[in-house]
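When a ligand or atom number is given, it counts from 1 through the structure's own listing order. Because the structure is predicted, anything quoted here is derived from the model rather than measured.
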Amino acid sequence: MDHLRGKKILIAITGGIAAYKIPELIRLFVKSGCEVRAAVTENACKFIQPLTLETLTGHPVLRNEFTLIKESQIPHIEATAWCDILIVAPATGNILGKAASGIADDLVSTLIMATSQKPILFAPAMNSRMYLNPIVKRNIAVLKETGHFFIGPEEGEMACGEEGLGRLVLLTCIVEKVKDIFTEKDLHNNTILISAGPTQEPIDPVRYITNRSSGKMGYAIAKAAKRRGGRVILISGPTRLSIPKEGITLIRVKTALEMEREIYEHYPYSDIVIMAAAVADYRTNRPFPHKLKKSDRVFQLELVRNPDILKSLGGKKETQILVGFAAETENFEKNALQKIKDKNLDLIVVNNVNLPDAGFEVDTNRIMLIDRFGKIRRFPLQSKEDAADAILDKIIKLKKKIRPENHNEKNKRT
Ligand code: PMT
């Protein structure tokens, strides 16, 4: 699912030091298939060259509300009619104040006023003492109440060398937020419990048993579910990944037993449960309390079975839609159908982990979805992000089929 392909993005840049980051933001949007145009305030031009923006967008930069463009078009009217969204980044305290008070005395404030029918996203960036000023806070509250979107700022070192809340958020978060804004909230009012990553089973204080799972597939599902309006609880084994805090409760665990405990805790009130984690099937019976010393003798490690979390969830299933994963190297359909039966699943996502571009660690996957009615759908190579949306599309369809009463009741409440 290409959330951003073909979208028309108008980026208005105001006069803050973070303006130097915006060319990279434009590149990210262009790479995602968007058409981008830029507008600047006079002060923004002190931080960034319009020529850079023109080169990256392939469009003239809008600089002045009184300069007519071709065939007497008025820039702020033509540009806001053209765009699907207006992003103000960085948004200074000054532009937030103008927007909240209905002042339109330059090109960017006029663009904001003229964008009354389309979404506007503000990404504030300023010194933290300015950001924490009650007047700025009030202006932001007014703009939020009016229905405008906000992202950030975040904490960190600022241009002046001080630490505090006021930095422009990561550019990837701005892109993610825009995707969010354009996504239909078809998981609204659903709690989605997702497991991701590997588990680590300790041998001694410095060694453990684990597997190659990076967590990318599970995290992609968590982000997609959140974007689609779900309340997401992500139970994650050890990974190097980060995830937006807004709308996702992240619970980090290490071992299969810890994962089991957390999943049981949140299972009863979840609507959809997706086990994407690669849970270790075995653990040492009792980890050694001290670091093991080398010896020349053969070393034998006794392993015991970990609980099969998914199987026991299947046994306790009430109204949840239960989705398992299968990392297979052979007999894909036969093994997957057996798992659906053994674990009382509604859907299984099969990855062929023989292939270098699918399964563990990589950013792409080749999945096959098999539902509990035996219906099979194979997908070509795609990003894990797109695979996540394909899985959620199928879950929503299945939920309507299996639990129509539940689905309608939830929609009535929205
Ligand atoms: O994390 P990435 O690098 O992005 O890689 C993604 C992935 C390959 C790990 C993921 O797509 C995947 O296939 N996850 C499941 C891997 C796995 O453990 O498969 P399995 O066939 O052994 O287990 C079947 C199902 O039972 C899985 O849903 C698993 O979460 C669950 N299980 C397994 C063992 C266990 N003790 N308890 C479980 O609940």
Heavy-atom contacts with Asp281 under 4.0 Å: which atoms of ligand 1 show up? List them by number with element.
-> 34 (C), 35 (C), 36 (N)

Go through ligand 1 atom by atom and flag the ones less than 4.0 Å from a non-hydrogen atom of Ala276.
-> 9 (C), 10 (C), 12 (C), 14 (N), 15 (C)

Please indicate whether Lys375 has more than 12 foreign heavy atoms, meaning atoms of other residues, nucleotides or ligands, lying under 6.0 Å from its NZ.
-> no

Can you tell me if Gly197 has a non-hydrogen atom under 4.0 Å from ligand 1?
-> no

Those atoms of ligand 1 less than 4.0 Å from some heavy atom in Gly324 = 28 (O)

Of all the atoms in ligand 1, which lie at a distance below 4.0 Å from a heavy atom belonging to Glu361?
-> 2 (P), 3 (O)

Evaluate the salt bridge (charged side-chain N to carboxylate O under 4.0 Å, His left out) criterion for residues Lys397 and Asp186: first the C-alpha distance (whole Å), next the side-chain angles of each, then the deciding distance (0.1 Å), finally the verdict.
-> CA-CA 11 Å; Lys397 266 198 210 145; Asp186 49 8; over 6 Å; no

Checking salt bridge (charged side-chain N to carboxylate O under 4.0 Å, His left out) for the pair Lys317/Asp346: CA distance, chi angles, key distance, verdict?
-> CA-CA 10 Å; Lys317 191 162 76 173; Asp346 297 299; 3.0 Å; yes

Give a yes/no on ligand 1: does Glu328 have at least one heavy atom closer than 4.0 angstrom to it?
-> no

Any non-hydrogen protein atom less than 4.0 Å away from atom 22 (O) of ligand 1 | no

Just jot down the ligand 1 atoms closer than 4.0 angstrom to any heavy atom of Gly215, in number order.
-> 1 (O), 2 (P), 3 (O)

Phe373 six-ring face occupied by Lys401 cation (under 6.0 Å, within 45°) | yes

Just jot down the ligand 1 atoms closer than 4.0 angstrom to any heavy atom of Ser213, in number order.
-> 1 (O), 2 (P), 3 (O), 9 (C)

Salt bridge (charged side-chain N to carboxylate O under 4.0 Å, His left out) between Arg286 and Glu302, intermediate numbers included = CA-CA 9 Å; Arg286 213 173 306 128; Glu302 196 179 76; over 6 Å; no

Within 45° cone and under 6.0 Å: Arg366 NZ/CZ vs Phe379 ring | no

Is the shortest N/O to N/O distance between Ala278 and ligand 1 below 3.5 Å?
-> no

Mind checking side chain to side chain donor-acceptor pair (under 3.5 Å) for Lys7 and listing every partner two or more places apart, or none if nothing turns up?
-> none

Just jot down the ring-ring contact (aromatic ring centres under 6.0 Å, His included) partners of Tyr269, sequence neighbours excluded, or say none.
-> His266

Taking atom 2 (P) of ligand 1 as the reference point, the nearest protein heavy atom with its distance = Ser214 OG, 3.3 Å

What atoms in ligand 1 come closer than 4.0 Å to a heavy atom of Pro307?
-> 35 (C), 36 (N), 37 (N)

Within a distance under 4.0 Å of any heavy atom of Ala277, pick out the atoms of ligand 1 and give their elements.
-> 14 (N), 15 (C), 16 (C), 18 (O), 29 (C), 30 (O)

With a 4.0 Å cut-off on heavy atoms, does Lys343 reach ligand 1?
-> yes

Tell me, with the steps shown, if Arg377 and Asp371 meet salt bridge (charged side-chain N to carboxylate O under 4.0 Å, His left out).
-> CA-CA 9 Å; Arg377 177 148 181 218; Asp371 69 21; over 6 Å; no

Is the closest heavy-atom distance from Lys339 to ligand 1 below 4.0 Å?
-> yes

